[in-house]
Amino acid sequence: MSIQERYNNLSEDLNQKFSGTLKTSFSIRNDFVCEIEKENILKILEHLKAHHGFEFMMDLCAVDYLGRQKRFDVVYHLYAPSTKLRVRIKAQVGEHETIESAHKIWKAANWFEREAYDLFGVVFKNHPNLRKILTHSEFIGHPLRKDYDANHQQRATCVEPAWYEADENYKYDPDKNLVPINIGPSHPATHGTLRIMAELDGETIERANVEIGYLHRCFEKMAETHFYQQIIPYTDRLNYCSAPMNNVGFCKTVEKLLGVEVPPKAQAMRILLNELSRVIDHLVCIGTNAVDLGALTTFWYCFEQRERVYVLFEKLCGARLTVALTRIGGMTYDNPPGWEKECLETVLKIKKFVEELDSLLTENKIFINRMQNVGTISAQDAISYGFTGPCLRASGVNLDLRKAEPYYFYDQLDFDVPIGTSGDSYDRYLVRMEEMRQSLKICEQVLKNMPAGDYTIRDKSIVLPDKKDVWGNIEGLMNHFMLIIKGIRPPAGEIYDCTEAANGELGFYLVSDGGPRPYRLKVRPPCFAIYQAFPKMIEGEYIADAVATLGTLNVVAGELDR
Amino acid sequence: MNIQVKQAEVDQLLNTSVLTTTAEKYIGWGRKHSLWPLPFGTACCGIEFMSVVGPKYDLARFGAEAVRFSPRQSDLLIVAGTITEKMGPVLKLIYDQMLEPKWVLSMGACASSGGFYRAYHVMQGADKIIPVDVYVPGCPPTPEAVIDGILRIQEIIQQGRKRAPTPLK
């Protein structure tokens, strides 16, 4: 059965079951959309999960349509791995109305709903603890609403107090004989700005909770106030350990909305950059994880390899970490002469290094003792929490978008997807190690078969003309001027597109009103779903194991808090 | 006659093995080569700071590689990354916990001025709440630029210069 037939069947079934209260349609570029009245939202979500295999809730967000009678759209993105169908469910909610919480169907909904409440003020009924998640507790108003000024800051006066689920106003009770402990947000083991609060009984964690938002840099609001081409540098800073992947994800989304396809050379380059980034991302993850367990040497070894890749990036664009390498419509520049040869040499060097790293860690007794049977999560829980990427695959679920929904040339490349068995920290480490080998294998294949031709499309309304045209003739100058002043104007409509980033599914939900800026851009960050499970993963374990577990989840604050 | 000979010997001894200086300069010289930085790495700059202390750029050459995450043990606060409004009180607390003498290096555009995040939850520069001695531009700055910033901190220490103006309220 083709994908289209499956969508038609689904549409028929839904129309039959919910006749009158639901409207199904295909949006621009054929996304399947289902609009439903908010009273029936739980029914349809349950139905889709139970009867159509929609096991994943990938994303939940709100969109503000200021001036409409029912102001907000609450948008759910579901994914069925068995049939490879994606559904977008939309329900309209007025400013002072509520909508049922979906946290009982998918555990992932908990944080996503809190985010929608924090940023838009949409109230979810029966949510276990609907409180702010990204902005600080003294913040007044809902910043992603259209009537909130992007440049209106509010100062926080105190560090957020500790709290736990079902214990909002936590106070230390000396009679309970539990030691309260606070890790972060500035702590070497948190790699950034994560904060963990826990109560310890001896060395065992009785209960734990996390507070996020310490790096909430308002990516989505910035996207609404900038032109499409200006957003690319902002995407760099989502997952800054592997910046080119975010560039590719965003540009691919806009290109899908525009209905253009990038030339083969650009596709090959994007695959290459993606896989190199995956390797250096995993290197940071494994390196810092080893530091937390006391192996500082590994970290220096890993960073030496990262530097090699930085050199390659620097030759492509001049920047090391935040590269902004892609443009909407292709790449920024052509590769400098000799770059591909150098890249291949680097890939071979890193390949050798991965084996060295393997011999340092994989059979290291201390490493195994610290990692095995620590921070275990079952496949069922992982799916419910919306895990994707290496952390999901370590639990034994075979889902990799490069295989499941191949984009670019991924279907023509020879590589394997490593799967874990137990879902513990050691498995996550092993999956990452093998993924690095496979990524390097992909790099080699791409480099040996680099397509010839142009590195970008030449559509004057999308891509800036060459500098020699801008300076050399009036037409080039005019095109340049128009694109800079007026921006790229994709058709009105909304799409969701995703790529397999280093941590899992990186999705972009883009609503366009036909203007040069997105009306709404929602990022589906893989870390957000993963980190939400962390308190449950470490409860009942030793405090030292919490650090080991956190390292293997590879939570990057830029992506988590955006 | 004898006395004159002895005087020449003394002069030679003084020229080859004795150095005269002031106590401040001597202490400053010692301090500048034994900085203990606290990397307050919140974002992308934190990753780039790892490169600065990493094998290629090796901050140890300038005597500042003993990275400490406890404010009580460090004298150079490196603010590496965006400071959000939620993080502000935490940064202030950590700065206050550091013992005198202490210096602050603001690494990157975000820590210096908010960078290109002119946004509702981003503090427009760490100097809104703590004093900053040296600003290093870049997004993120190259490791060379950070090392240059550290050298400037060393200059400040050596010369015993006074701290930058007190922070804005």
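Being a predicted model, the structure only gives us computed values, none of them experimental. Lettering of chains follows the sequences in order, A, B, ..., and the numbering in each one begins at 1.
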Go through it in stages, so that I can follow the logic: the residues are A:D561 and B:H121, the test is side chain to side chain contact (heavy atoms under 4.5 Å, CB included), and I'd like the CA-CA distance, side-chain angles, deciding distance and then a yes or no. CA-CA 11 Å; A:D561 298 340; B:H121 202 249; over 6 Å; no

Checking heavy atoms, do the side chain of [X], its backbone, both or neither come under 4.5 Å from chain B?
X	value
A:E138	neither
A:Y301	neither
A:I212	backbone
A:R195	neither
A:E304	both
A:E211	side chain

Under 3.5 Å, side-chain donor or acceptor atoms of residues 41-53 of chain B against the rest of the protein: list the pairs with distances, not counting sequence neighbours.
{"from": "B:T42", "atom 1": "OG1", "to": "B:T82", "atom 2": "N", "distance (Å)": "3.3"}
{"from": "B:T42", "atom 1": "OG1", "to": "B:T82", "atom 2": "O", "distance (Å)": "2.9"}
{"from": "B:E48", "atom 1": "OE2", "to": "A:R320", "atom 2": "NE", "distance (Å)": "2.6"}
{"from": "B:E48", "atom 1": "OE2", "to": "A:R320", "atom 2": "NH2", "distance (Å)": "3.2"}
{"from": "B:S51", "atom 1": "OG", "to": "A:E307", "atom 2": "OE2", "distance (Å)": "3.0"}
{"from": "B:S51", "atom 1": "OG", "to": "A:R320", "atom 2": "NH2", "distance (Å)": "3.4"}

Applying side-chain contact (heavy atoms from CB on, under 4.5 Å), can you list everything that pairs with B:R118, at least two apart in sequence or on another chain?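 With neighbours one apart ignored, the set is A:N151, B:Q124.
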
For chain B, find which of [options] contributes the most heavy-atom pairs closer than 4.5 angstrom.
options	answer
A:Y234, A:Y148, A:W300, A:Y310	A:Y234
A:G558, A:C241, A:P143, A:A319	A:P143
A:A150, A:A156, A:C158	A:A150

Name the member of B:G88, B:P140, B:G54 that forms the most heavy-atom pairs with chain A at distances under 4.5 Å.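 The candidate making the most pairs under 4.5 Å is B:P140.
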
So which heavy atom on B:Y120 is nearest to which on A:D149, and how close?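 Distance-wise, the nearest heavy atoms are CB-O, 4.4 Å.
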
What is the minimum heavy-atom distance between A:T135 and B:K86, and which atoms define it?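 That would be O-NZ, 3.7 Å.
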
Structural part of B:F116 lying under 4.5 Å from a heavy atom of chain A: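 Backbone plus side chain of B:F116, per the 4.5 Å heavy-atom cut-off to chain A.
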
Segment of B:I94 engaging chain A (4.5 angstrom heavy-atom cut-off):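 The side chain, not the backbone.
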
I'd like to know whether A:R155 forms a salt bridge (Lys or Arg N to Asp or Glu O under 4.0 Å) with B:E85, so could you lay out the CA-CA distance, the side-chain angles of the two residues, the decisive distance to 0.1 Å, and finally the verdict. CA-CA 6 Å; A:R155 192 61 38 92; B:E85 297 290 356; 2.9 Å; yes

Is it the case that atom CZ in A:R145 sees more than 12 heavy atoms from other parts of the structure closer than 6.0 Å?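 Yes, the 6.0 Å shell around CZ holds more than 12 heavy atoms from other groups.
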
Take atom NZ in A:K146; do more than 12 heavy atoms of anything else shown fall under 6.0 Å from it?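 It does: A:K146 NZ has more than 12 such atoms within range.
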
Chain B contact residues among residues 213-227 of chain A, heavy-atom distance under 4.5 Å: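 The list, in residue order, reads A:G213, A:Y214, A:L215, A:H216, A:R217, A:C218, A:K221, A:M222.
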
Per-residue contacts, residues 290-299 of chain A versus chain B, heavy atoms under 4.5 Å: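 Residues A:F299 are the ones that qualify, each having a heavy atom under 4.5 Å from chain B.
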
Taking B:C139's backbone N and O only, do any of them form a donor-acceptor pair with A:T322's side chain (distance below 3.5 Å, no angle check)?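 Answer holds: yes.
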
Determine whether B:Y117 and A:R237 make a side-chain contact, defined as any pair of heavy atoms from C-beta on separated by less than 4.5 Å.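 Result yes, sub-4.5 Å side-chain heavy-atom pair found.
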
